[in-house]
Number of protein chains: 2
Amino acid sequence: MPTRPFLIAHCRQLLTLRGSRRPRRRRQLAALGLIRDGAVLMQGDRIVAVGTTRAVERHPLARRANKFTARDLIVLPGFVDSHTHLLFPASRADEYEQRIAGLGYEQIARRGGGILSTVRKLRRADNQSLQQQARRWLGEFATHGTTTLEAKSGYGLSLGSELKMLEILRRLHREGPLELVATFLGAHVVPPEYKRKPDAYLDLLIRRMIPAVAARGLAEFCDVFCDRGAFMLTQARLVLTAARVCGMELRLHAEQLARTGGARLAVQLHATSVDHLERINRADIRALAASDTICTLLPGAVFHLGKSSYAPARALIEAGAAVALATDFNPGTSPTVSMPMILSLACTQMRMTPAEAIAAATINGAHALRRADLLGSLEAGKQADLCAFELSDYREIPYYFGVNLCRLTIKRGQVIHDASKRFQI
Amino acid sequence: MPTRPFLIAHCRQLLTLRGSRRPRRRRQLAALGLIRDGAVLMQGDRIVAVGTTRAVERHPLARRANKFTARDLIVLPGFVDSHTHLLFPASRADEYEQRIAGLGYEQIARRGGGILSTVRKLRRADNQSLQQQARRWLGEFATHGTTTLEAKSGYGLSLGSELKMLEILRRLHREGPLELVATFLGAHVVPPEYKRKPDAYLDLLIRRMIPAVAARGLAEFCDVFCDRGAFMLTQARLVLTAARVCGMELRLHAEQLARTGGARLAVQLHATSVDHLERINRADIRALAASDTICTLLPGAVFHLGKSSYAPARALIEAGAAVALATDFNPGTSPTVSMPMILSLACTQMRMTPAEAIAAATINGAHALRRADLLGSLEAGKQADLCAFELSDYREIPYYFGVNLCRLTIKRGQVIHDASKRFQI
């Protein structure tokens with residue numbers, strides 16, 4: 001028997017983000033499809049109708065729906081956070097203090113801190129405690145309005161521990177309610193045991209790890225941290241090419257610490273997304289704008305590292321690139337699960353408009369995960385994933401910064417966060 | 001009959017901030033008085049004992065106390081937010097968008113936006129809706145760990161509407177649970193009807209408004225926005241001197257947009273606090289360090305305006321100044337109620353250590369409100385005001401930025417925020 005339909009009516013503002021079969025660029029980016037006094041009708045895990053309350057209430061299913069009103073709420077698609085390192089064993093608040101005392105990110109890494117300190121702990125950690133950590137953060141993602149997130153491996157850096165990470169991610173995805181999209185990031189940094197023979201690690205990645213991950217269907221994407229202190233351009237090309245041969249789609253960390261040419265490589269290889277881009281130049285911007293690769297900007301890492309070298313969001317948008325925003329949730333450079341905070345950073349520090357930032361965090365995030373057929377906008381037939389903020393206007397989502405005003409999150413038609421306990425069926 | 005004692009035991013880390021009869025300076029600033037496996041015993045609105053769980057459990061009142069454990073919590077004094085403009089009629093998210101499009105704060109003000117747009121709306125607003133707005137934000141302050149806040153008038157700028165603001169603040173304070181400390185800020189900007197005769201407004205302030213506020217006991221402090229586009233140094237001196245004569249203590253907005261000499265004026269007049277200080281020079285720093293005036297830093301406004309000119313927190317601390325941190329909650333330049341967010345900004349952008357930032361937001365905030373006898377630290381005899389975060393270490397409070405991980409807030413011994421519903425008596 002089908003579940004009873006679920007109607008949220010009289011939304012103060014409903015941001016549909018409708019009509020986005022292709023990634024949003026330029027002015028389209030800011031077209032929110034805003035409906036005042038809007039309504040969303042859902043049944044099971046899908047959206048049945050979206051429009052003004054008046055129009056939606058005429059739908060045949062509306063009469064027998066559980067009906068809720070949302071006169072004080074701004075309703076929009078659940079955030080699609082397309083770049084996270086969800087699974088890690090512990091915070092790195094100690095390094096945070098060292099950085100405040102003046103050490104650089106790369107200096108800390110050379111002292112055995114940084115990513116490798118997380119790798120050491122993760123290899124020793126048991127599945128149970130890792131999962132429990134991640135579950136806690138998934139709960140926080142949901143209370144901040146995120147309904148889907150990408151999650152990377154990359155703190156194992158051995159065949160066994162990378163598979164362990166990806167298997168935990170699969171378990172968390174199946175367990176729900178949040179939807180996880182897994183990315184294999186064996187090429188995060190060279191692990192300590194291969195420090196003197198990085199080519200042997202590359203060989204292991206290409207000949208054993210990527211095929212093993214692909215054979216088990218554990219990751220849809222393969223990613224490489226292509227930067228100074230991580231992998232060089234030629235190495236990144238080898239890894240990504242191998243992954244493509246094994247049927248994986250591609251993403252790339254590029255141009256964060258230094259300009260290495262990673263953005264161009266992503267374009268050449270038709271990567272789905274290229275992430276960071278703090279150091280790109282004019283020619284890179286033109287190449288990205290002409291490509292079908294999404295530019296995923298991660299202002300949280302710039303902020304947390306105390307830098308001011310934000311990616312050139314305005315230039316990218318004006319050149320016609322498709323821009324997405326993500327948290328980059330990770331213990332070293334961006335310990336935040338909050339997409340609203342990322343929107344504040346995007347608007348305040350990168351001069352994206354509130355509308356552009358919202359589209360970048362929803363529909364373009366969905367495109368960055370190849371899920372725009374189901375996610376990222378509120379349209380009939382799409383998955384019923386939404387969040388709602390107790391505010392007067394959508395621009396207030398980034399405006400009130402550093403606070404969580406998300407009152408309601410719905411994933412596949414199920415209420416998974418309800419701060420005011422008003423949406424109980 | 002006295003209420004039953006209330007014991008929170010086995011705190012993962014208890015930050016007492018004990019021993020702070022005078023504002024904290026230099027190294028003292030970072031002395032958190034940290035106790036592992038700590039406990040706080042409260043009765044009525046006061047703290048009875050603080051120490052290790054073992055020691056506190058030996059207290060005669062402990063046996064008959066309602067006992068709760070907090071093994072997963074970092075417990076600290078409730079934040080004392082010593083600079084807010086709590087009471088305003090509406091957000092200014094429209095101006096936020098204009099600023100992103102490239103207009104400056106002062107340009108927006110010249111177009112009739114800025115503070116004066118809030119003044120126009122506030123004068124028309126009825127008490128009921130103003131109070132309701134403020135109550136909503138007070139609830140949010142509490143969920144982010146704040147237990148006491150200063151709140152300014154300054155959006156009325158006529159005798160009647162300034163009194164209306166201060167009366168609402170008094171009502172909200174009496175209503176509780178949060179404690180408000182009122183400041184008269186009639187000298188915020190010159191109101192439109194006095195645009196061509198600012199001296200007449202100064203006269204009104206000095207001869208009628210200040211005496212009226214003082215006679216009604218509506219504000220403990222008098223403040224002036226001494227800056228380019230607001231009041232000049234000589235005007236500020238006249239207003240503050242008049243307020244002192246009427247028995248009010250002094251605070252000052254100084255050196256935010258331009259260096260006008262306000263910091264020195266605050267020192268000369270023995271103001272309790274001087275706030276902002278983004279534009280001070282070396283000599284100002286020396287003068288502030290040698291004074292008994294608290295330097296209240298407001299990094300939220302710098303962040304929200306998209307600037308990078310943070311106040312020189314490190315230089316102030318190293319010179320020996322007493323530094324406090326506050327949200328500056330207001331609709332134009334700092335729409336945040338979150339002290340944890342302010343701590344993140346202080347650490348990440350101003351290079352304060354997490355310990356310094358916590359002390360600046362608690363005990364030095366209490367000094368900035370002349371309430372350090374009762375607030376700002378967890379010590380026997382003080383008011384039972386605390387907050388607790390679900391974290392492994394206190395450094396994670398600023399580290400996990402832009403999220404609210406405050407799980408428990410207690411004001412005068414009463415649980416006013418309990419995210420996990422564990423502390424029900």
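Order of the sequence lines fixes the chain letters, A, B, ..., with proteins taken first and strands second; residue numbering starts at 1 for each chain.
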Using non-hydrogen atoms and a 4.5 Å limit, figure out which bit of [X] sits close to chain A: side chain, backbone, both or neither.
X: B/S91; result: both
X: B/E390; result: both
X: B/A101; result: backbone
X: B/R314; result: neither
X: B/Y394; result: side chain

Practice task
Pick whichever of B/S334, B/P398, B/G102 has the most heavy-atom pairs under 4.5 Å with chain A.
Solution key: B/P398
Fill in the blank from the handout: Per-residue tally against chain A (heavy atom, under 4.5 Å) across B/D393, B/V337, B/D94 peaks at B/D94
Could you grab the distance from atom [atom1] of [X] to atom [atom2] of [Y], nearest 0.5 Å is fine?
X: A/R92; Y: B/E396; atom1: CZ; atom2: CD; answer: 12.5 Å
X: A/M341; Y: B/N404; atom1: CE; atom2: CG; answer: 13.5 Å
X: A/Y96; Y: B/T353; atom1: OH; atom2: OG1; answer: 10.0 Å
X: A/H304; Y: B/C347; atom1: NE2; atom2: SG; answer: 9.5 Å

Handout entry: Evaluation steps, side chain to side chain contact (heavy atoms under 4.5 Å, CB included), between A/R99 and B/R351
Key = CA-CA 9 Å; A/R99 250 203 332 274; B/R351 296 186 49 223; over 6 Å; no
Handout entry: B/R422, CZ: over 12 other non-hydrogen atoms inside 6.0 angstrom
Key = yes
Exercise for the section: Answer yes or no: are there more than 12 heavy-atom neighbours, outside B/R135 itself, under 6.0 Å from its atom CZ? Expected result: yes
Practice task
For chain B, find which of A/L405, A/L345, A/T143 contributes the most heavy-atom pairs closer than 4.5 angstrom.
Solution key: A/L405
Handout entry: Interface residue of largest heavy-atom contact number with chain B, from A/K307, A/M350, A/Q349, under 4.5 Å
Key = A/Q349
Practice task
Answer yes when A/R407 and B/E140 have at least one side-chain N-carboxylate O distance shorter than 4.0 Å, and no when they do not.
Solution key: yes
Practice task
Give the ring-plane orientation class for B/F303 versus A/F401, where under 30° counts as parallel, over 60° as perpendicular and anything between as tilted.
Solution key: tilted
Practice task
Using the six-membered ring wherever Trp is involved, compare the ring planes of A/W137 and B/Y400 and label them parallel, tilted or perpendicular (cut-offs 30° and 60°).
Solution key: tilted
Practice task
Would you check, one step at a time, whether the test side chain to side chain contact (heavy atoms under 4.5 Å, CB included) holds for A/V403 with B/T336?
Solution key: CA-CA 7 Å; A/V403 294; B/T336 190; 3.8 Å; yes
Practice task
Starting from the C-alpha separation in whole Å, work towards a yes-or-no answer on side chain to side chain contact (heavy atoms under 4.5 Å, CB included) for B/I100 and A/M352.
Solution key: CA-CA 7 Å; B/I100 289 164; A/M352 289 173 69; over 6 Å; no
Handout entry: Under 3.5 Å: donor-acceptor pair, side chain of A/Y399, backbone of B/P331
Key = yes
